[in-house]
Amino acid sequence: MARPAEEDLALLVRALEGLNIRDFALTGGVAFGVWVEPRETRDLDVCGVLPAESVLPLMAQFDGMRVGSSELPDIVRFRVGDWDVDLFV
């Protein structure tokens, strides 16, 4: 059985802050659900400021992958609990 979404969101926030990723915002369907009837989704879209030194630890901690060829990727995709997370940098 899946954990409550609130627990996974709290885990995500703690993980990001622990990697010195402090400026971020939830976007996409989950954020939109605050204003309208929520829809079922297991995808979190996050826009944030990702320090270059946090890229590899983030990917290692959550078995993530990067999109983009520069040292600082365009997107880092990883999984927290039952959620797929796309961090748009």
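Keep in mind that this is a model prediction, so the values were computed, not measured. Residue numbers count from 1 along this sequence.
- Asp84 contributes atom CG, which lies 10.0 Å from atom CG of Asp45 (distance to the nearest 0.5 angstrom).
- Separating the CG atom in Leu50 from the CG atom in Asn20 is a distance of 10.0 Å, to the nearest 0.5 Å.
- Following chains of ILVMFWY side-chain contacts shorter than 4.5 Å, one can reach Leu26 starting from Leu19, so the two form part of one hydrophobic cluster.
- Atoms CZ and CG, on Phe78 and Asp63 in that order, are 12.0 Å from each other to the nearest 0.5 Å.
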Given the rule in the side-chain contact (heavy atoms from CB on, under 4.5 Å) test, do Asp8 and Leu44 qualify, once you have shown the distances and angles that lead to the verdict? CA-CA 10 Å; Asp8 285 333; Leu44 289 172; over 6 Å; no
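- The two residues Pro73 and Val89 have their closest heavy-atom pair at O-CB, 3.3 Å.
- Thr27 and Cys47 get closest at one heavy-atom pair: CG2-SG, 3.9 Å.
- Leu58 and Leu11 end up in the same hydrophobic cluster when Ile, Leu, Val, Met, Phe, Trp and Tyr side chains are linked at under 4.5 Å.
- For the pair Val46 and Phe24, the tightest heavy-atom approach, listed with the atom from each and the gap, is CG1-CB, 3.8 Å.
- Note that CG of Leu56 and CD of Gln61 are 13.0 Å apart. Values are rounded to the nearest 0.5 Å.
- Each of Phe62 and Phe88 belongs to its own hydrophobic cluster when Ile, Leu, Val, Met, Phe, Trp and Tyr are linked at side-chain heavy-atom distances under 4.5 angstrom.
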How far apart are the C-alpha atoms of Met59 and Val76, what are their side-chain angles, what is the distance that settles it, and do they pass the side-chain contact (heavy atoms from CB on, under 4.5 Å) test? CA-CA 8 Å; Met59 292 190 324; Val76 177; 3.9 Å; yes
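- Here CZ of Arg66 is found 12.0 Å from CG of Leu87. Values are rounded to the nearest 0.5 Å.
- Taking CG of Leu12 as the start and CD of Glu17 as the end, the distance is 9.5 Å to the nearest 0.5 Å.
- Counting all heavy atoms, side chain and backbone alike, Leu72 lies closest to Pro51 at CD1-C, 4.3 Å.
- Considering all non-hydrogen atoms of both residues, Asp74 and Gly68 come closest at OD2-CA, 3.8 Å.
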